[in-house]
Amino acid sequence: MPTTTLYDLIIIGGGPGGYTAGIYAQRAALKTVLLEKGIPGGQLNNTDEVENWPGTEKISGAALALKFSQHAAAYALEVRNHEVVAVEPGLTQHTVILDNSKILTAHAVILATGGSPKKLGIPGEDQYYGRGVSYCAVCDGFFFRDKTVVVVGGGDSALEESLYLAKLARQVYIAHRRDAFRAGMILQKRVRQEKRITVLWNTVLSEIQADTQGVNGVITKNTLNGTTSTLATDGVFVFIGFAPNNSLVPASTRMNADGYVLADDKCATNIPGIFAIGDLKEKYAKQIITAAADGCTAALAAAHYVEEKKTSL
Ligand code: NAP
C-alpha cells in the first residue's frame, strides 16, 4: 500500500503563480507542498529580460525565478521535485498521485501548470526540432550567432524574442500572417529600430527544409495572393502563443473551448477546493504579475476554504 500524506494545500506547478501561492500559504500557516517537475520558475526561465515586474526595471527571467524560489525557501515552503500524474477530486479530500506512485492528499489543490508553446503543424517542424527548429530563444539563440533565423508570430513573445535574437544573429526575419502586430507598442517600436530585423508581413511558413547539417530554409506563402517562395535560413523560432497544460485538470472541471480553466474571482473552479491560476486559467492578461496575483488570491481563498472545512469536520 503506497504511503499517503495529508496536506492542507497542494500546489502543482512552480512558476510565478505557484511560488506566490506557496509564499502566501506559508504565511497563512497552511501545511503546504509545492510540486514541480522541472526547474523553479517554469516558462520564466525561457524569458530573456523581464522589464515589467514593478520595482525592478530589468531582470533576467532566470534571476527572477531564482528570487521566487529563494523567497519561498525563506518561508520554509516544502518543494518536491516530482511530476504529478493525476489529480482525483474527492468529497472530503483531493488526491494527487506522483510519478513515483506516492499518493498525497489535501483539503485544497491549486493547479498552476501554466502553458506550453503552440506548434505550427507544418512539415519539418517536429522532424527538425533541436536541429534548427526551436521554441526558446534564450535556450538556443547561442547556436545562431552570425546566422540567419526566421521568427514566426506577431505577439509579445515573437517580438521580444526577435529582439533577443537580433543581438546574436546576423539577420532575423519575422514572418507574421497579418499586416499588423498584436504585440505591445514599445516592442513594436524597438523592432522597427532594429536594423537586423526584417518583417515579412502577410507571410506564413508552409514547410521547413533541412540538409544533413540541420535547417537550411523555409517555404513561405503570402497570405494575400498565395504566392510561395523559398527563404534560406539556419533556424526557425516559433512563438505563436501558448496552449494550457490542462492534462491534470479533473474531467468535471469547467473549461472554455480552448482548454483554459474557468475560475471565479477567487480562482476557484467549479470543484470545491480546487483552484486554477496563471496561464492555465482563462483571463485577459497573461503576465508574470497576473500569475503572481492569481497565486496570492488562490492561496488566501484556499486558506479560508481549509479553515471552514476543518471546523465543519
Ligand atoms: P499571442 O499574444 O497569442 O500571439 C501569438 C501570435 O502568433 C499572434 O500574432 C498570432 O497572429 C500568431 N499566430 C497564432 N497562431 C498562428 C499560426 N498558426 N501561424 C502563424 N501565426 C500564428 O502569444 P504570445 O506572444 O506567446 O503571448 C502570450 C501571452 O503572454 C500574451 O498575453 C502576451 O501579452 C503575454 N506576454 C507578455 C510579455 C510581456 O509583457 N513582456 C512577453 C511575452 C508574452 P494574430 O495576431 O494574427 O492572431
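Small disclaimer: the values here were computed from a predicted structure and weren't measured.
Using a 4.0 Å cut-off between a side-chain N of Lys or Arg and a carboxylate O of Asp or Glu, E78 and R80 qualify as a salt bridge. The existence of a salt bridge linking D99 and K37 is excluded, since no basic side-chain nitrogen approaches an acidic carboxylate oxygen closer than 4.0 Å. We find that K167 and E160 are not joined by a salt bridge, their nearest charged nitrogen and carboxylate oxygen being 4.0 Å or further apart. The pair K58-E51 meets the salt-bridge criterion, with a side-chain N (NZ, NE, NH1 or NH2) lying under 4.0 Å from an Asp/Glu carboxylate O. Taking a cutoff of 4.0 Å between a charged side-chain nitrogen and a carboxylate oxygen, R182 and D156 do not qualify as a salt bridge.
Between the D258 side chain and the Y260 main chain, no donor and acceptor come within less than 3.5 Å of each other. S60 places a side-chain N or O within 3.5 Å of a backbone atom of A63 that can act as its donor or acceptor partner. Distance alone, capped at 3.5 Å, places no donor-acceptor pair between the T227 side chain and the N225 backbone. Side chain of N270 to main chain of S252: a donor-acceptor pair is present (N/O by atom type, distance under 3.5 Å, no hydrogens or angles). Looking at Q26, its side chain does come within 3.5 Å of a backbone N or O of Y75 through a donor-acceptor pair. Listed for the E282 side chain is no donor-acceptor partner under 3.5 Å among the backbone atoms of A263. In this structure, the side chain of N202 does not engage the main chain of L224 through any donor-acceptor pair within 3.5 Å. Under the 3.5 Å distance criterion, the side-chain polar atoms of T269 are left unmatched by any main-chain donor or acceptor of F275. Of the possible donor and acceptor atoms, one in the side chain of R145 sits under 3.5 Å from a partner among the backbone N and O of F142. Listed for the T253 side chain is no donor-acceptor partner under 3.5 Å among the backbone atoms of V249.
Within 6.0 Å of CZ on R27 lie no more than 12 heavy atoms contributed by other residues, nucleotides or ligands. Under a cut-off of 6.0 angstrom, the local environment of CD1 in I186 is sparse, with at most 12 non-hydrogen atoms contributed by other residues, nucleotides or ligands. Residue-environment remark: NZ (K286) exceeds the threshold of 12 foreign heavy atoms within 6.0 Å. Within a 6.0 Å sphere centred on OH of Y164, other residues, nucleotides and ligands contribute more than 12 heavy atoms. Within 6.0 Å of atom CD in E57, 12 or fewer heavy atoms from other residues, nucleotides or ligands are found, so the atom counts as exposed in its surroundings. Other residues, nucleotides and ligands contribute at most 12 non-hydrogen atoms within 6.0 Å of the CD atom of E307.
Residues H176 and F181 bring their aromatic ring centres within 6.0 Å.
A cation-pi arrangement is absent between R131 and Y129, since the terminal nitrogen or guanidinium carbon is not both under 6.0 Å from the aromatic centre and inside a 45° cone about the axis. Within the cation-pi definition used here (under 6.0 Å to the ring centroid, within 45° of the axis), K118 does not qualify as a partner of F239.
No donor-acceptor contact under 3.5 angstrom links the side chains of T105 and T95, judged on distance only.
Tested against Q171 for a side-chain hydrogen bond (donor to acceptor under 3.5 Å, both in side chains), the candidates T198, T148, D146 yield a single pass: T198.
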